[in-house]
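So the structure is just underneath, and the comments pick up after that.
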Amino acid sequence: MRGKRTRTRFAVIAISLVVPACTALGAFAIQSFSRQLRVEGLGSEGVLGRADVSHPRLAITAKEGVDLAELEVRLDGRPVHTHRADGRLILDAPALTEGRHELTATSHSGLPLLHDMSRTFTVDTTAPKLRLSPVRATRPGAPVTVRGRVEDAGHVKVSIAGAPVPVGDDGTFSRRLEQPPARIEVAAADAGGNVTRGHVNAVAPYPLTRAAHLTAIGWASPTVREPVLQLIKDKKLNAVELDIKDENGEVGYGSSVPLAREIGAVKNRYDARKAIDALHGMGARVVGRIVAFRDPVLAQASHSQGKDHRLVQAPDGSPYDGGHYGKLSFTNFADPEVRQYNIALATEAAKLGFDDILYDYVRRPDGKLSTLRFPGLGDQTPEKSIADFVADTRRHIRPEGAYLGASVFGIAATRPTEIAQDIPAMAQNADYIAPMVYPSHWAAGEYRVASPNASPYEIVNRSLADFAKQVKGTGATVVPWLQDFSLGVHYGPNEVADQIRAAAGDGMNSFLLWNAGATYQRAALATLR
């Protein structure tokens, strides 16, 4: 804009800008270049990032006595349209292309020229390039060192798990975390505030585990326990899956969790430390199974106390009839008290020395969602709530060095909403997924297998291939439950061995065997080397 020219004096503001093609110049303030003028919006670092240029407004202000109408503004030598608003001169700057730009403001008001000052500024909307090295831990919660590299090291700040770390001249950085979370967040920010975020998983490779299921009562019985221990001594198995809380809601050992004691869940059928020490002494791992949300003991106690918010409900607010599980059988996965109860048991067990915590019934009950209510769920989906519960548990047990697994239905790989088991989401928050791919549980025609129960190799191999795809990139592995029982079709050593071979064909050499009576077929098991 021009005013009447009498005497011509010049006050010049020079700014060098580098921005990507077709990026609009946003509102940015330039520090004072003379005693009269100030251009607003530029930060103290002298660099504008993507956030700074998102609003195409630039404003010039002046001290009292300076007429903004007397300023002529040019960008790269071309006039820039301006307008007055709120005592400022607003510049309607055009889109800027890649490269350097000069902004000038020339006064023709006759004011004395006090200083000819210039300053170079940079508009940088390109986020830093961040490369992270894989992280490996010896066990969950063990110390790890996070390493990586950024470009343009002199202008980039890096933080790992929220704490700043020094960056070398070559752009490399590292930080040792004594108690790392499972997911370690890393951020690289340049002077313009452009941020690149990444993460690494503190992956502890899951050890080879070949386990057989034992109930608390089974462990307490030498007749049931000793044949399983013999399989370990003979190197047919190297782990026992031992119930912590079972389908009845009973806690097998003398738990100190207050709610477990309050509701009468503690049965003290075995000494957890002695059992763990005995198995560890044999070189065996101990997988502690917690049946999470199928919990008749907690459900019945909660209902009698008027705490039905702990229960899965019918639409009218009454306890949901769980079909063949019974009316007071399923607790509410969305309820904070129910969640904390299971997490408290998991944490206690991890501290006692269980190598794994393996959740079972970590799901909603069967049935249409229209027939179910989950108090406290809010706007979340059941799948998201379940995955968040798994993540909460992992944060508690990881410092104790325990792995976390989640038992899931075979159909969850293709139909996650039927029981609220979203495999990729759960796998992001667990060390392994344990699909129950028992051939007897598949309907005819699943995975193009006419008779799954009569075709153990085919149905196990094909269904587990789906799970392998679902967990890819999550850091979790797959440890399947396999069938060592007969239901409709007789299962001998060959049928059990076929399932083990089928899992191995999918790259899964760990497995869990299920037999309710803890009678396992030695002839189906190869000797471990």
So, [X] versus [Y]: side-chain donor-acceptor pair below 3.5 Å or not?
X	Y	value
Q340	D392	no
H213	E241	yes
E400	T347	no
D92	H81	yes
R149	T172	no
N461	Y447	no
S385	R339	yes

Carboxylate-amine/guanidinium proximity below 4.0 Å for D431 and R394:
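Yes, this pair counts.
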Could you state the interatomic distance from [atom1] ([X]) to [atom2] ([Y]), rounded to the nearest 0.5 Å?
X	Y	atom1	atom2	value
L404	H396	CG	NE2	12.5 Å
K129	R131	NZ	CZ	6.5 Å
R448	I459	CZ	CD1	9.5 Å
D243	R289	CG	CZ	4.5 Å

Proximity of Y206 and Y403 rings by center, below 6.0 Å:
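So the answer is yes for these two rings.
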Does F333 have its ring centroid less than 6.0 Å away from the ring centroid of F389?
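No; F389 has its ring centre 6.0 Å or more from that of F333.
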Side chain S407, main chain Y359, donor-acceptor under 3.5 Å:
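The answer is yes, because a donor-acceptor pair under 3.5 Å joins these two groups.
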